[in-house]
Number of protein chains: 2
Amino acid sequence: MDTNYKNHLGRIIKQQRISLPLTLQELAAKSNVSASHLGRIERGERFPSAHILQRIAKPLGFEEDELFTLAGYLSPQSPMVSEQSPAYSGDRLDPYVARILAQEPLEIQRAVIGILAILQSIAKSKS
Amino acid sequence: MDTNYKNHLGRIIKQQRISLPLTLQELAAKSNVSASHLGRIERGERFPSAHILQRIAKPLGFEEDELFTLAGYLSPQSPMVSEQSPAYSGDRLDPYVARILAQEPLEIQRAVIGILAILQSIAKSKS
DNA sequence: ATTATATTTCGCCAATTGGCATATGTCAAT
DNA sequence: ATTGACATATGCCAATTGGCGAAATATAAT
């Protein structure tokens with residue numbers, strides 16, 4: 001069972017791995033980290049050390065500092081998202097979220113927003 | 001042991017601590033890392049984990065990513081401050097979608113991605 | 001010198017990591 | 001169904017981390 005709330009990192013890693021797509025063994029081969037360990041990390045039974053994160057970052061398509069930030073090892077100090085569009089200024093869009101969504105075609109991106117709006121209206125009607 | 005090999009980091013940390021100046025105990029108090037552990041790190045008997053590095057970075061006057069790089073956890077190439085992430089380069093994230101999502105708290109952003117993943121798996125199972 | 005006091009190092013130990021080997025699914029084709 | 005091939009999960013274990021308290025060493029003051 002998808003246990004705790006606390007396992008953000010494992011879910012992110014797994015999702016990224018699946019989306020490539022890679023099996024645990026393939027990722028293990030590319031990163032020199034045992035598949036069993038990777039599996040435990042994904043389901044939150046182990047917490048990856050910095051060395052492990054460094055090894056799996058590029059094979060997963062992450063920048064090293066990005067993964068470190070997601071793991072909570074690096075504070076999200078990055079001004080990355082505050083690029084061109086001044087519309088971003090106040091609020092922050094999570095780099096990981098942006099990366100996943102950017103892979104989707106435009107209509108999917110918009111559909112996601114639409115679903116979000118529906119869920120919000122539902123939540124609002126209950127309060 | 002390798003008393004002079006990878007102990008690069010220990011020397012840097014000790015030198016920085018002395019130059020401030022701080023005692024091991026003072027640094028321990030500021031960083032919530034035991035003085036004994038800090039001492040062993042400085043003389044290369046222990047290798048600091050990412051959590052420890054994160055705790056001692058600011059008290060020592062380092063930037064977090066700076067210390068991580070010195071520790072060999074982060075590759076020297078630091079494009080963080082430059083500008084946009086290369087991860088976005090291939091695919092595009094619609095500015096409108098980005099603006100809407102950026103207004104939501106982080107957990108909502110992540111939840112949206114999670115829902116997207118579920119829908120994708122459902123769609124996949126039908127094809 | 002001889003205390004007193006601060007600072008560093010050491011001995012021990014619980015907790016965690018991460019690998020290897022093995023077990024348990026999962027799914028296709030025969 | 002049975003087999004075989006692959007993917008993921010588990011059992012076990014060596015190695016490391018990091019804290020606490022005590023010993024050792026340095027520093028200061030009388």
Side-chain angles (χ1 to χ4, degrees), chain A residues 1-4 6-60 64 67-68 70-73, chain B residues 1-60 64 67-68 70-73 117 121-122 124-127:
Chain A
M1 331 299 154
D2 238 70
T3 43
N4 330 0
K6 187 56 190 155
N7 183 21
H8 280 150
L9 183 63
R11 292 216 308 271
I12 289 173
I13 289 178
K14 178 166 188 177
Q15 172 161 17
Q16 185 69 13
R17 175 177 65 82
I18 297 300
S19 74
L20 285 178
L22 286 177
T23 70
L24 283 174
Q25 315 197 37
E26 288 168 335
L27 179 56
K30 284 177 182 286
S31 61
N32 285 321
V33 177
S34 71
S36 64
H37 192 49
L38 290 172
R40 285 193 247 239
I41 288 172
E42 285 188 351
R43 78 190 91 105
E45 297 175 22
R46 290 287 192 282
F47 214 59
S49 72
H51 285 298
I52 298 293
L53 282 183
Q54 193 179 27
R55 288 201 190 107
I56 66 178
K58 287 95 60 188
L60 278 176
E64 287 181 10
L67 242 195
F68 275 75
L70 288 171
Y73 288 151
Chain B
M1 302 286 186
D2 46 282
T3 33
N4 48 19
Y5 200 46
K6 184 73 167 133
N7 194 15
H8 208 196
L9 182 64
R11 299 195 169 187
I12 290 175
I13 289 178
K14 178 166 187 177
Q15 182 169 5
Q16 186 72 11
R17 175 178 65 83
I18 297 300
S19 75
L20 284 177
L22 286 177
T23 71
L24 283 173
Q25 314 196 36
E26 288 167 335
L27 178 56
K30 284 177 182 287
S31 61
N32 286 320
V33 177
S34 72
S36 65
H37 192 49
L38 290 172
R40 286 192 245 240
I41 288 172
E42 285 187 352
R43 77 189 93 106
E45 297 176 22
R46 291 287 192 282
F47 211 56
S49 72
H51 285 298
I52 298 294
L53 282 183
Q54 194 179 27
R55 288 203 189 103
I56 66 178
K58 286 95 58 188
L60 279 176
E64 286 181 9
L67 244 193
F68 275 77
L70 288 171
Y73 288 150
S121 70
I122 292 176
K124 188 161 211 171
S125 68
K126 305 188 87 175
S127 60

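Just so it is clear: chains get the letters A, B, ... in the order the sequence lines come, proteins before strands, and each one is counted from 1. Note that the structure is a prediction, hence the values are computed from the model and not measured.
At whole-Å resolution of the value, CD in A:Glu26 and P in D:dA7 are 6 Å apart. Rounded to an integer number of Å, the gap from A:Leu27 CG to C:dG18 P is 14 Å. The nearest whole Å value for the distance from the CG atom in A:Leu9 to the P atom in C:dT17 is 12 Å. Going from atom CG of A:Leu38 over to atom C1' of C:dC20 covers 14 Å, rounded to whole Å. Atom CD1 of B:Ile56 and atom P of D:dG19 are 11 Å apart (whole Å).
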Per-nucleotide protein contact string for nucleotides 8-16 of chain C (B base, S sugar-phosphate only, - none; heavy atom under 4.0 Å) | BBBB-----
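Judged purely by atom type and a 3.5 angstrom limit, B:Gln16 uses its side chain to pair as donor or acceptor with the backbone of B:Leu60.
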List, one per line, each side-chain donor-acceptor pair under 3.5 Å for residues 25-32 of chain A, sequence neighbours excluded.
from    : atom 1 : to      : atom 2 : distance (Å)
A:Glu26 : OE1    : A:Thr23 : N      : 2.8
A:Ser31 : OG     : A:Leu27 : O      : 2.6

Name the atoms and distances for all side-chain donor-acceptor pairs under 3.5 Å in residues 33-40 of chain B, with sequence neighbours left out.
from    : atom 1 : to      : atom 2 : distance (Å)
B:Ser34 : OG     : B:Ser36 : OG     : 3.4
B:Ser34 : OG     : B:His37 : N      : 3.3

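Closest approach to the A:Val33 side chain among C:dG19, D:dG19, D:dT17 is made by C:dG19 (side chain taken as heavy atoms from C-beta onward).
Judged as a side-chain contact (heavy atoms from CB on, under 4.5 Å), and not counting sequence neighbours, the contacts of B:Ile18 are B:Lys14. For the salt bridge (charged side-chain N to carboxylate O under 4.0 Å, His left out) test, residues two or more places apart in sequence or in another chain that qualify with B:Arg17 are B:Glu42.
A:Ile12 CD1 to A:Leu67 CG: the interatomic distance, rounded to the nearest 0.5 Å, is 8.5 Å.
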